[in-house]
Engineer: 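Got a structure for you, written out below as structure tokens; questions coming shortly.
First listed ligand is number 1; within each ligand, the first listed atom is number 1.
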Amino acid sequence: MSNGDATVLLSHHLKALRLPTFLREYEKVAAQCAKAKSNYSRFLLELSELELIERERKGVERRVKEAGFPVQKTLDTFDFKAIPSLNKRLVMELARCEFISKRENVLAIGNSGTGKTHIATALGLAACREGYKVQFFSAASLVTTLMEARDGKALTRFRKRIARKNLIIVDEFGYVPFSKMGAELLFEFFAERYERGSVMLTTNLPFDEWTEVMGSERMTGALLDRLTHRVHILEMNGESYRFRESVRRAGKKGKKS
Ligand code: ADP
Ligand code: MG
């Protein structure tokens, strides 16, 4: 076999084995190893390390895309000093994602603009990086999806998809009251999730006002019972960051002119 034929075959085999990084990097790594007088196992080790790193990176990228975050926010850009009610230590611990393997829940409660969506997204991203599957919904979009999937087959498909996720984020619970059907579907959704996988929910509503969006007191009680059984609560009441930022910007503009 000529060297040319061997190269063609190697390229074919590496593709068939799904080792794209081997294929892309082997010549370069071979040259480096020859220069450094490394042996063959060193050469293989280096290539497999590169392949693993790339696979890991692609996996994170895929999980982030599938999670459907509306924006990508991380904890590095979060100013904890702006919200003294929030327990930073707890947030950092949650970012290690042990709560997901324990199937525990997280509730972030506080008024508008205090960073609840930011924190939920940042924790969701951390989970994607740790290898967990995440799905982000706004409460309204989740209810719409459930309503649309109400008939048999679509609902089964949706349930299966959800069951595969390790963490479900439900953002903005409480802004809009649900219809009776919507509330029932949402209740069923949480009931099914109970102890099977983690839920992270953000809300502007204190518990005693949940009945107003869910309609029935009995259903609200049962929902709270499940959600708060194994829960970490993030207290996020404070001054709106959004509002503060816009005041700050307006102040700057005022000074310039
Ligand atoms: P909420 O969901 O509680 O209404 P958001 O998370 O949407 O609030 O926050 C509103 C905006 O302010 C977002 O752009 C968010 O990134 C930013 N923000 C809020 N709190 C902080 C904070 N403590 N540090 C940095 N940015 C923040
Ligand atoms: Mg929000």
Engineer: Say you draw a straight line from CD1 of I53 to CZ of R55; how long is it, rounded to the nearest 0.5 Å?
Structural biologist: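 Rounded to the nearest 0.5 Å, the CD1-CZ separation comes out at 12.5 Å.
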Engineer: Give the residue and atom name of whichever protein heavy atom lies nearest to atom 26 (N) of ligand 1, and the separation in Å to one decimal.
Structural biologist: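 Protein heavy atom at minimum distance: Y241 CE2, 3.2 Å.
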Engineer: For atom 7 (O) of ligand 1, what's the nearest protein heavy-atom neighbour? Residue, atom name and distance, please.
Structural biologist: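 Going by distance alone, atom 7 (O) of ligand 1 is nearest to R242 NH2, 3.1 Å.
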Engineer: Is the shortest heavy-atom distance from the side chain of L201 to the side chain of F190 under 4.5 Å?
Structural biologist: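 Side chain of L201 against side chain of F190, heavy atoms only: contact under 4.5 Å found.
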Engineer: So, taking the atom named CD in E184 and the one named CE in M214, what distance separates them when rounded to the nearest 0.5 Å?
Structural biologist: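 That separation rounds to 9.0 Å.
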Engineer: Could you tell me which atoms of ligand 1, counted from 1 in the order shown, lie closer than 4.0 angstrom to a heavy atom of T114?
Structural biologist: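 Under 4.0 Å from T114, ligand 1 has these atoms: 1 (P), 3 (O), 8 (O), 20 (N).
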Engineer: Heavy-atom distances under 4.0 Å decide this one: backbone, side chain, both or neither, for I119 against ligand 1?
Structural biologist: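 The answer is neither; I119 stays 4.0 Å or more away.
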Engineer: To the nearest 0.1 Å, how far is atom 23 (N) of ligand 1 from its closest protein heavy atom, and which atom is that?
Structural biologist: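 The closest one turns out to be D79 O, 2.8 Å.
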Engineer: Just need the protein heavy atom nearest to atom 2 (O) of ligand 1, so name the residue and atom and give the distance.
Structural biologist: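 Its nearest protein heavy-atom neighbour is T117 OG1, 2.8 Å.
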Engineer: Measuring only between side-chain heavy atoms, which start at C-beta, is F43 closer than 4.5 Å to S38?
Structural biologist: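 Result no, sub-4.5 Å side-chain heavy-atom pair not found.
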Engineer: Enumerate the atoms of ligand 1 whose separation from the nearest heavy atom of T77 is less than 4.0 angstrom.
Structural biologist: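 Near T77, the atoms of ligand 1 are 24 (N), 25 (C).
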Engineer: So which heavy atom in the protein is nearest atom 8 (O) of ligand 1, and how far is it from that ligand atom?
Structural biologist: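 Protein heavy atom at minimum distance: G115 N, 3.1 Å.
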Engineer: Is there a side-chain contact between Q135 and R161 in this structure, where contact means two heavy atoms from C-beta onward sitting under 4.5 Å apart?
Structural biologist: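 Yes, side chains in contact.
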Engineer: List the closest protein heavy-atom neighbour of atom 4 (O) of ligand 1: residue, atom name, distance to the nearest 0.1 Å.
Structural biologist: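 The closest heavy atom on the protein side is G113 N, 2.7 Å.
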Engineer: How long is the span from the CG atom in L185 to the CD atom in E188, to the nearest 0.5 Å?
Structural biologist: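 So the CG of L185 and the CD of E188 are separated by 5.5 Å.
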Engineer: Checking the side chain of R150 only, and the main-chain atoms of L146 only, is there a donor and an acceptor separated by less than 3.5 Å?
Structural biologist: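 Pair absent, no side-chain N/O of R150 close to backbone of L146.
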Engineer: Starting from atom 22 (C) of ligand 1, what is the nearest protein heavy atom, named by residue and atom, and what distance separates them?
Structural biologist: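 Scanning the protein heavy atoms, the shortest distance from atom 22 (C) of ligand 1 goes to F78 CE1, 3.4 Å.
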Engineer: Taking 2.8 Å as the cut-off, does an N/O/S atom of T202 lie below it from the Mg ion (ligand 2)?
Structural biologist: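 Here the distance criterion (N, O or S atom, under 2.8 Å) is not met by T202, so no.
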Engineer: For ligand 1, indicate whether the residue K73 contacts it via side chain, backbone, both or neither (heavy-atom separation under 4.0 Å).
Structural biologist: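 Under 4.0 Å from ligand 1, K73 contributes side-chain atoms alone.
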Engineer: To the nearest 0.5 Å, tell me how far I83 CD1 sits from E235 CD.
Structural biologist: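 Reported to 0.5 Å precision, the distance equals 9.5 Å.
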Engineer: In terms of residue, atom name and distance, what is the protein heavy atom nearest to atom 15 (C) of ligand 1?
Structural biologist: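 Looking only at protein heavy atoms, the one closest to atom 15 (C) of ligand 1 is H118 ND1, 3.5 Å.
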Engineer: I need the atoms of ligand 1 closer than 4.0 Å to a non-hydrogen atom of K116, numbered in the order shown.
Structural biologist: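 Reading through ligand 1 atom by atom, the close ones are 1 (P), 2 (O), 3 (O), 4 (O), 6 (O), 8 (O).
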Engineer: Examine the side chains of S138 and S141 and answer whether a donor and an acceptor come within less than 3.5 Å of each other.
Structural biologist: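 Result is yes, a qualifying pair exists.
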